[in-house]
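Below is one structure, written out as structure tokens; the observations come after it.
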Amino acid sequence: MLEAIRLATENVRTGAGGPFGCVIVKEGRVISRGTNLVTSTNDPTAHAEVVAIRRACEALKSFQLAGCDVFTSCEPCPMCLGALYWARPARIFFSATYKDAAAAGFDDAFIYKQFPLKPSERSIPTSQLLGSEGTAPFKAWKDSVNKIAY
């Protein structure tokens, strides 16, 4: 955890991105590290956890983090929490809370408030188009003999 916090602090000092760090460990060995690179890469998905997940999966040659522990300097945002659940680590540990992040100007509460709303009621207009046509890829997936289940 101290390494994740150190990474987050150093990231601020170097100007690479926001004050977030993440370390992924498997069997007592660091598999990957990540920091927030949103502003330096112009990638809104380059949060510390996502960066660390990508690096860990590449190192492990797997799309899942089975048996891994994730240490984040701050409680994961909705995107990162979703990514972590898809990656399926054994455990997630965090230091600062989402309230600490909000006090520093990183308030993701507005995103959580969007989830229960109907798509048409969300702050970014969201509409369904070609709903019945959109199911064709799922039919192809169900019928595929080459799929890798996850």
Side-chain angles (χ1 to χ4, degrees), residues 1-117 119 122-124 126 128 134-150:
M1 183 58 74
L2 287 174
E3 176 67 0
I5 295 167
R6 185 195 68 74
L7 287 168
T9 304
E10 183 65 20
N11 205 49
V12 173
R13 288 191 183 123
T14 64
F20 303 95
C22 181
V23 177
I24 299 179
V25 175
K26 185 169 186 171
E27 298 171 354
R29 187 173 64 90
V30 173
I31 301 300
S32 73
R33 293 172 175 84
T35 58
N36 179 288
L37 301 174
V38 170
T39 56
S40 62
T41 62
N42 295 317
D43 179 354
T45 68
H47 289 201
E49 296 90 338
V50 173
V51 170
I53 290 167
R54 289 174 180 159
R55 291 174 179 168
C57 287
E58 185 176 341
L60 296 171
K61 298 184 181 356
S62 173
F63 56 85
Q64 294 185 343
L65 299 176
C68 292
D69 289 331
V70 177
F71 297 86
T72 70
S73 62
C74 186
E75 189 172 358
C77 76
M79 177 184 70
C80 293
L81 187 60
L84 286 163
Y85 268 82
W86 280 115
R88 294 177 175 88
R91 298 180 294 186
I92 302 167
F93 301 95
F94 65 89
S95 183
T97 68
Y98 74 92
K99 290 180 181 180
D100 297 322
F106 296 93
D107 191 359
D108 52 16
F110 76 97
I111 298 172
Y112 284 107
K113 291 177 183 173
Q114 298 297 301
F115 292 138
L117 298 177
R122 295 179 182 153
S123 63
I124 297 175
T126 305
Q128 182 180 24
T135 62
F138 297 117
K139 180 180 180 338
W141 172 260
K142 289 190 323 189
D143 295 344
S144 174
V145 295
N146 298 321
K147 65 183 169 216
I148 298 172
Y150 63 96

Item checked: Non-neighbouring partners of S73 that pass side-chain hydrogen bond (donor to acceptor under 3.5 Å, both in side chains), sequence neighbours left out -> none

Margin query: Tell me every residue that passes salt bridge (Lys or Arg N to Asp or Glu O under 4.0 Å) with E58, counting only those two or more places apart in sequence or in another chain.
Written below: none

Margin query: Among residues at least two apart in sequence or on other chains, which ones pass side-chain contact (heavy atoms from CB on, under 4.5 Å) with S123?
Written below: Q114

Margin query: Listing request: all ring pair (Phe, Tyr, Trp, His ring centres under 6.0 Å) pairs with a residue in residues 24-44, at least two apart in sequence or in separate chains.
Written below: none

Check: Just wondering, more than 12 heavy atoms not from K99 lying within 6.0 Å of its NZ?
Finding: no

Item checked: Residue pairs passing the ring pair (Phe, Tyr, Trp, His ring centres under 6.0 Å) test where at least one lies in residues 22-69, sequence neighbours excluded -> F63-Y150

Margin query: Just to verify, what does F93 make a side-chain contact (heavy atoms from CB on, under 4.5 Å) with, not counting sequence neighbours?
Written below: M1, D69, F71, R91

Next item on the list: Apply ring-ring contact (aromatic ring centres under 6.0 Å, His included) to F115 and list each qualifying residue two or more places apart in sequence or on a separate chain.
Entry: none

Could you list the donor-acceptor pairs under 3.5 angstrom formed by side chains in residues 15-33, with sequence neighbours left out?
{"residue": "K26", "atom": "NZ", "partner": "A66", "partner atom": "O", "Å": "3.2"}
{"residue": "S32", "atom": "OG", "partner": "A52", "partner atom": "O", "Å": "2.8"}
{"residue": "R33", "atom": "NE", "partner": "E3", "partner atom": "OE2", "Å": "2.9"}

Check: Considering residues at least two apart in sequence or located in another chain, which fulfil the side-chain contact (heavy atoms from CB on, under 4.5 Å) criterion with P119?
Finding: R122, T126

Checklist line | Contacts of R55 that satisfy salt bridge (Lys or Arg N to Asp or Glu O under 4.0 Å) - sequence neighbours left out | finding: none

Next item on the list: Using the test salt bridge (Lys or Arg N to Asp or Glu O under 4.0 Å), find all partners of K139 that sit at least two apart in sequence or belong to another chain.
Entry: D143

Note to self: Applying side-chain hydrogen bond (donor to acceptor under 3.5 Å, both in side chains), can you list everything that pairs with T97, at least two apart in sequence or on another chain?
What the structure shows: D100

